[in-house]
Amino acid sequence: MNTPLQIPARTIMTPGPVEVDPRVLKAMSSSILGQFDPSFTSLMNETMEMLREVLQTSNHWAFPVDGTSRAGIEAMLCSVIEEGDKVLIPSFGRFGGLLTEIAERCGADVHLIHCEWGKVFEPNDVIKEMKRVNPKVVAMVHGDTSTGRVQPLKEIGYACREMGVLLLVDAVATVAGTEVKTDEWMIDGLITGTQKCISVPAGMAPLTYNDRIEKILLERKSIEKGLVSSEQQRLAQKDRRIQSNYLDLSQLQDYWSPARLNHHTEATTMLYGLHEGLRIILEEGLANRYDRHQKNEQALVAGLEAMGLSLFGDKASKLPTVTCVTIPEGINGDSVRSMLLDDFGIEIASSFGPLHGKIWRIGTMGYSCQQRNVLLTLAALEAVLLRHKAKLHVGEGVQAALDIYKQSEKVEA
Ligand SMILES: Cc1ncc(COP(=O)(O)O)c(C=O)c1O
């Protein structure tokens with residue numbers, strides 16, 4: 001207890017939290033500013049501006065909610081959904097289940113459709129269901145880390161806009177790792193998280209929404225009891241008000257507006273980290289960043305397959321930031337993960353629900369998504385699997401990944 005923190009060195013190849021650029025950690029050790037200090041509020045404004053660029057939106061509202069990604073999801077859903085609202089949730093993994101749980105707690109009349117884990121929906125199947133259910137909201141995950149799949153959203157977004165349905169999207173696993181076009185895909189409300197491809201510690205959930213959502217927020221706007229001018233005014237707004245105070249987007253947007261109406265106390269150090277993380281993303285450039293994620297994913301996949309391992313799930317919908325590997329017959333998946341961590345300091349992830357014990361999930365996200373990490377992971381995984389008596393094409397994994405890196409060096413030269 002009395003010894004200073006001693007954090008072991010790790011290579012983190014999970015779907016989050018991932019490694020963080022030392023520049024972010026340095027920014028997070030800066031001294032504290034008061035939340036209304038102009039030096040701090042200008043950082044808030046700059047963060048909003050950078051978020052708009054990263055989320056590819058011209059929405060006015062783009063700011064982080066304090067709390068992990070699910071705080072952002074909950075803020076969006078509980079601020080938009082009212083008791084009895086019809087919400088269609090097409091779910092293709094664990095995080096469709098999270099949307100369902102939160103929507104049900106908001107009192108929604110949830111229409112849940114599933115597709116087999118490892119696949120995603122044909123957009124037309126979702127659109128047909130929208131026509132049948134006529135929901136107020138469609139809530140969907142873009143990239144589901146539990147199955148390593150990415151759902152195409154463009155056609156669904158267009159159909160939602162045409163039918164006057166709101167589209168809310170969990171893009172926690174995709175923003176800053178693969179293309180997410182909020183405006184072009186007509187997404188009304190989008191939530192992400194800091195600890196994945198944005199590569200900042202867990203603790204904030206950046207989100208954005210357009211004026212169709214803002215209209216609902218203003219209709220449901222609540223004013224803190226101590227601040228309303230009359231009891232009548234307070235009672236008048238009671239029926240439709242947003243059930244959460246902390247996650248009430250109508251109050252949060254006032255705090256992020258020039259009026260700076262006091263709500264919570266902003267998480268100073270997290271904001272420094274997010275500000276620096278966004279600066280790094282924009283310095284790299286979105287297109288370069290997506291290319292980097294894709295190249296490292298390709299090398300990882302080539303290496304795993306050359307080693308003789310097989311990947312889980314439908315290839316066409318593979319999420320570039322998460323690779324799901326089938327655990328070979330007779331191999332204890334947890335024992336492999338423990339040995340990777342204990343002997344090599346490398347962390348890969350297990351899996352949830354029906355996939356538990358069947359697949360490992362390897363993330364290639366943000367600062368962790370580097371050639372060095374991919375090669376180390378392949379080499380270490382081969383060594384550990386050999387110790388577990390797996391039958392592999394020895395020596396071929398790292399070579400296949402190196403081939404990808406060498407080819408891309410030639411193309412770039
Ligand atoms: C797709 C997706 N949505 C939501 C979440 C929940 O995020 P958090 O743990 O930051 O609350 C996760 C976390 O892994 C996720 O992968």
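Quick caveat, the model's predicted, so the values are computed rather than measured. Order of appearance sets the numbers: ligands from 1, and atoms from 1 within every ligand.
Given atom 13 (C) of ligand 1, the protein heavy atom at minimum distance is Lys196 NZ, 3.4 Å. Given atom 3 (N) of ligand 1, the protein heavy atom at minimum distance is Asp170 OD2, 2.6 Å. Protein heavy atom nearest atom 11 (O) of ligand 1, with residue, atom name and distance: Thr68 OG1, 2.7 Å. For atom 12 (C) of ligand 1, the nearest protein heavy atom (residue, atom name, distance) is Phe95 CE2, 3.3 Å.
Annotation for ligand 1: atoms under 4.0 Å from non-hydrogen atoms of Gly143 are 1 (C). Less than 4.0 angstrom separates some heavy atom of Thr145 from each of these atoms of ligand 1: 15 (C), 16 (O). Atom numbering of ligand 1 starts at 1 in the shown order; those under 4.0 Å from a heavy atom of Gln195 are 8 (P), 9 (O), 10 (O).
To the nearest 0.5 Å, atoms CD (Gln298) and OG1 (Thr323) are separated by 11.0 Å.
Side chains of Tyr255 and Glu266: a donor-acceptor N/O pair is absent below 3.5 angstrom, by distance only. Side-chain atoms of Asn210 and Asp188 include a donor-acceptor pair closer than 3.5 Å.
In terms of polar-atom proximity, defined here as any N/O pair under 3.5 Å, Asp144 makes no such contact with ligand 1.
Taking the ring centre of Phe352 as origin, the terminal cationic atom of Arg94 falls inside the region bounded by 6.0 Å and 45° from the ring axis.
Of the candidates Glu46, Glu49, Glu283, Met50, Met50 is the only one forming a side-chain contact (heavy atoms from CB on, under 4.5 Å) with Leu278. The side-chain contact (heavy atoms from CB on, under 4.5 Å) test with Leu381 is passed by exactly one of Val325, Ile346, Val336: Val336.
Salt bridge status for Arg23 with Glu284: absent, with no side-chain N to carboxylate O gap under 4.0 Å.
Using a non-hydrogen distance threshold of 4.0 Å, Arg94 does not register as a contact of ligand 1.
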